[in-house]
2 protein chains.
Amino acid sequence: MKLSTKGRYAVTAMLDLVIHMDEGPVSLSDIAERQHVSLSYLEQLFAKLRRRGLVASTRGPGGGYSLNDAPENVAVVDIILAVDENIDNTNCSGAANCQHDEQCLTHDLWQDLSNQIQEFLAGISLAELASRGSIKRIAARQDGVEQDIFPVTEMPSVMSKRVGVSK
Amino acid sequence: MKLSTKGRYAVTAMLDLVIHMDEGPVSLSDIAERQHVSLSYLEQLFAKLRRRGLVASTRGPGGGYSLNDAPENVAVVDIILAVDENIDNTNCSGAANCQHDEQCLTHDLWQDLSNQIQEFLAGISLAELASRGSIKRIAARQDGVEQDIFPVTEMPSVMSKRVGVSK
DNA sequence: AGAATAACCAACTATTTTAGTCAATTATTA
DNA sequence: TAATAATTGACTAAAATAGTTGGTTATTCT
């Protein structure tokens, strides 16, 4: 299966977007700063999310990304499928031709497992996630924490801003 | 998470072992032939399974591997954990220090998912798997199929036997 | 009009994991 | 003593992961 940090980053970024979208489009550099993911990596992920129709983009100052649908209608599984391609656990990608054009011994087991995971992740929407108390607390910390940890001017911009971009 | 072909091969091989263990130890070369996995790769996997105490080995002619415990007591999750190390889906391996020593936004979500998968795979024993009709059918096919596909002497030994081993 | 902002795009890269191979040794049995 | 089969260790090709680098294009603010 594919459940790597790629999918986790994507879900985290989308959740950050939902939490901050009341003030218009959310820029990737803001998400990068808050969630400590590299901006260029986010760009790749959001390119896929946009192609899948999950988000819409606005260019220029004040621009950023916004959800194409209500947070209630976006499930975690949609996000993971958009960036990770598949959630399938079989060797044959479900085709059941794992061995001489027939099923391998454990084909059904991996198929069942895939369905389990699929159903679990399909049952959780961004709206539900954003409403959780534990997540609200962490988001509040992230929104107010930068000043606390990095006193005034010395924020390690390397982590969140583009470096070495020439004019 | 780690759910790769490594874990799938291991479960398939262990299931093959259970199906054929009534006639004493099962050799890796037999499993390699039946399940079409390379012998050297199986050796690596069974070294881990032995270290974890899931199987016992018998050397010499007629030797092979046998289960250390009743098939009822070996869950699929045990096998995957033995070869894949962990089934954890969080970035911080469950330590909840994913971001500045505190939880990242989605930590709880991945934790819940890990638990789901864990429970599912813990609920399936080798005995239960081996008793399934679909698996019995496939095993029967595998036990009788070699003669049908590779007439008499011309079995492609490359796939299942060691090649180039000098004295 | 010009500077800043921010999305968009393509190519490249270091590191890790996967899925093995290759070569040899040790133990056991016929 | 020959064959069988586990055991060990080092190596490797290919793919995936997690980015980086260097730009271009569109929009808005001054």
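Just so we're on the same page: letters track the sequence lines, and every chain starts at 1.
- Residue pairs meeting the ring pair (Phe, Tyr, Trp, His ring centres under 6.0 Å) criterion with at least one member in residues 114-138 of chain A: none, sequence neighbours excluded.
- Partners of R59(A) by side-chain hydrogen bond (donor to acceptor under 3.5 Å, both in side chains), not counting sequence neighbours: none found.
- Distances shorter than 4.0 Å separate some side-chain N or O of S38(B) from OP1 or OP2 on dT21(C).
- Looking at residues two or more places apart in sequence or on another chain, you find a side chain to side chain contact (heavy atoms under 4.5 Å, CB included) between S134(B) and D108(A), R132(B), R137(B).
- Counting to the nearest Å, the P atom of dG19(D) and the CD atom of E43(A) are 14 Å from each other.
- Here ring pair (Phe, Tyr, Trp, His ring centres under 6.0 Å) pairs that include residues 48-71 of chain B, with residues two or more places apart or in two chains, are F46(B)-Y65(B).
- In this structure, S40(B) does not reach the dC22(C) phosphate: none of its side-chain N or O atoms is under 4.0 Å from OP1 or OP2.
- One interatomic measurement links the two molecules: NZ of K6(B) to C1' of dT17(C), which rounds to 8 Å at whole-angstrom precision.
- When R141(A), Q142(A), R8(A) are each tested for a side-chain contact (heavy atoms from CB on, under 4.5 Å) with L105(B), only one passes: Q142(A).
- Pairs passing the salt bridge (Lys or Arg N to Asp or Glu O under 4.0 Å) check and including a residue from residues 9-23 of chain B, sequence neighbours excluded, read D16(B)-R34(B).
- OP1 or OP2 of dG19(D) lies within a sub-4.0 Å distance of a side-chain N or O belonging to Y9(A).
- Of the residues in residues 13-22 of chain A, not one places a heavy atom less than 4.0 Å from an atom of DNA chain D.
- Rounded to an integer number of Å, the gap from L45(B) CG to dT7(D) P is 13 Å.
- Residues forming a side-chain hydrogen bond (donor to acceptor under 3.5 Å, both in side chains) with T106(A) (at least two apart in sequence, or on another chain): W110(A), T12(B).
- The stretch residues 55-71 of chain A comes close to DNA chain C through S57(A), T58(A), R59(A), G60(A), P61(A), G62(A), G63(A), G64(A), Y65(A), each having a heavy atom under 4.0 Å from the strand.
- The distance from atom CG of L67(B) to atom CG of L126(B), rounded to the nearest 0.5 Å, is 6.5 Å.
- dC8(C) atom C1' lies 15 Å from atom NZ of K48(A), rounded to whole Å.
- Donor-acceptor pairing under 3.5 Å, judged by distance alone, is present between the side chain of Q44(B) and the base of dT21(C).
- The separation between H36(A) atom NE2 and dG19(D) atom P is 13 Å, rounded to whole Å.
- Rounded to whole Å, atom C1' of dT21(C) lies 16 Å from atom CG of L28(B).
- Between the P atom of dC11(D) and the OH atom of Y41(B) lies a distance of 19 Å, rounded to the nearest Å.
- Per the geometry, CG belonging to L39(A) stands 11 Å off C1' belonging to dC8(C), to the nearest Å.
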Can you list, pair by pair, the side-chain donor-acceptor contacts under 3.5 Å of residues 68-77 of chain B, counting residues two or more places apart and other chains?
unit_1: N68(B); atom_1: ND2; unit_2: G53(B); atom_2: O; d: 3.1
unit_1: D69(B); atom_1: OD1; unit_2: N73(B); atom_2: ND2; d: 3.1

